[in-house]
Novice: 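Structure incoming, see below.
Chain identifiers are assigned alphabetically (A, B, ...) following the order of the sequence lines, protein sequences preceding nucleic acid strands; residue numbering begins at 1 within each chain.
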There are 2 protein chains.
Amino acid sequence: MNARKIPDIIIGRLPVYLRALQRMADMGLKTTSSQELGEHVGISAAQIRKDISQFGEFGKQGTGYSIEYLIEQLREILKVDRIWDVVVIGAGDMGHAVVNYQGFNDRGFHIVAIFDNDKEKVGHEIGKFKVEDAETMIERIKSMGVKVAMLAVPAAAAQAAADQLVQAGVRAILNYAPISLNVPNNVKVQYIDPSIHLQRMTFYL
Amino acid sequence: MNARKIPDIIIGRLPVYLRALQRMADMGLKTTSSQELGEHVGISAAQIRKDISQFGEFGKQGTGYSIEYLIEQLREILKVDRIWDVVVIGAGDMGHAVVNYQGFNDRGFHIVAIFDNDKEKVGHEIGKFKVEDAETMIERIKSMGVKVAMLAVPAAAAQAAADQLVQAGVRAILNYAPISLNVPNNVKVQYIDPSIHLQRMTFYL
DNA sequence: TAGATTGTTAATCGATTAACAATC
DNA sequence: TAGATTGTTAATCGATTAACAATC
């Protein structure tokens, strides 16, 4: 498949479709249509059909999509038909919240370690984890073969930490630090900054 | 101000520019160019100039933009030249993290109350706040005139809570629940779901 | 003046929508 | 069959980039 030429914007919507479909499955539904799914996620039926059809013909005329089958296909496309090990960098409030968050279960991710460069924090327990020394981070990540990280350190420390993650072989960084990161082209970054999200709404008030 | 319709996608980038500019200001810089700002945020210089020029002529040929002046203008455009009161719904792990988060300071937001519908949690202290009963939520929000909310309740409770927020006059919801919300057109929603963000990256691994 | 950089126009590129034949 | 809904094409709409005159 020519995964290379699928626009980012389409990839960005697939997890939203997947989440809605999983919710429908939990409610015991068996099939849905582009129309119905579109109403759930706030996207036009035409766009949903077009997005999905980039990857194959998963629907049936007249009846729509099998929810179970479409979930299976989307999980495979997004590569969350497996469990990804994830490391957390930064054992502050946000690091704590992320480690204790239950929402990664069943969505393809499993936290395996948390690091901090503050010697005071190293050794402390967070949930079932002991905070590890950031000095050991690169070697530990390499030896575990971890490709996905969540970065929850202060802005001033974020770029240096990201550089280390890249060096350790991490290819996907979910960045909670309020700063834009510079990384090589083959490394993906997603940003979560609540202030940014709030500021995207106040314009309209 | 210009009555012309500004595309959402441009509004979405302005907070990122603002954050980068504030960082430059903190470092003592006085002026910048579209080129330099673009390198910081990973956006082309042409696009930055085009975005900014939607709102006025804030730069000078030959020298670029005054950082302080551009910050001032962007804050005004985004309406964060003031402090918005914010309520938090849900006193679970995420509610805790959000209330304790220091990153809203200086970015236009101030948390004023936290609510939960679990009577066990009502009255407990989180930071300097006492968790309030969700039954009182609508009246409290109305009387305080709060327009911005952060929703950190389980998926199953999120739509009902959002309906209440709308009823109370809230116009902007930052939703941490893993579900798409249905709200009237005049209410804005932004979504934060770490699993969604992670799934947007695994495709490329 | 000489060099730098904006604001803006036109061209290009990409995304969304509408429509409908195919077909379950 | 009759009705429903997909997958796809073509048209429309919108966003990005390139280029450069204006001008600090």
Novice: Going by the rule side chain to side chain contact (heavy atoms under 4.5 Å, CB included), which residues pair with A:K128 if we only count those two or more places apart in sequence or in a different chain?
Specialist: A:H110
Novice: Excluding sequence neighbours, so at least two apart, what forms side chain to side chain contact (heavy atoms under 4.5 Å, CB included) with A:T31?
Specialist: none
Novice: Reading nucleotides 15-24 of chain C from the 5' end, what letters show protein touch, with B for base, S for backbone sugar-phosphate only, - for no heavy atom under 4.0 Å?
Specialist: SBBBB--BBB
Novice: Side chains of residues 61-71 of chain B: which donor-acceptor partners sit under 3.5 Å, not counting sequence neighbours?
Specialist:
residue : atom : partner : partner atom : Å
B:S66   : OG   : B:Y69   : N            : 3.1
B:Y69   : OH   : B:Q73   : NE2          : 3.4

Novice: Check side chain to side chain contact (heavy atoms under 4.5 Å, CB included) between A:D118 and all other residues, then give those that pass, not counting sequence neighbours.
Specialist: A:D116, A:E120, A:K121
Novice: What residues form a side chain to side chain donor-acceptor pair (under 3.5 Å) with A:T202, not counting sequence neighbours?
Specialist: none
Novice: What integer distance in Å separates A:I48:CD1 from D:dT5:C1'?
Specialist: 13 Å
Novice: Determine, using ring centers only, whether A:F58 and A:F55 are less than 6.0 Å apart.
Specialist: no
Novice: Extract the stems that DNA chain D is part of, considering only consecutive pairing runs of at least three Watson-Crick or G-U wobble pairs, both distances under 3.5 Å.
Specialist: C:3-24 with D:3-24
Novice: Using the side chain to side chain donor-acceptor pair (under 3.5 Å) criterion, which residues pair with A:E76? Sequence neighbours excluded.
Specialist: none
Novice: Scan residues 161-188 of chain A for pairs that pass side-chain hydrogen bond (donor to acceptor under 3.5 Å, both in side chains), counting only residues two or more places apart or in two chains.
Specialist: A:Q159-A:D163
Novice: From CD of B:Q54 over to P of C:dT8, roughly how many Å is that when rounded to an integer?
Specialist: 9 Å
Novice: Which residues pass the side chain to side chain contact (heavy atoms under 4.5 Å, CB included) test with A:N117, sequence neighbours left out?
Specialist: A:A134
Novice: Taking only heavy atoms on the protein side, list every residue of residues 22-38 of chain A lying under 4.0 Å from any atom of DNA chain D, sorted numerically.
Specialist: A:S33, A:S34
Novice: Send over the distance from A:F58 CZ to D:dT5 C1', rounded to a whole Å.
Specialist: 17 Å
Novice: Would you be so kind as to tabulate the donor-acceptor pairs closer than 3.5 Å made by side chains of residues 83-95 of chain A, with sequence neighbours excluded?
Specialist:
residue : atom : partner : partner atom : Å
A:W84   : NE1  : A:K79   : O            : 2.7

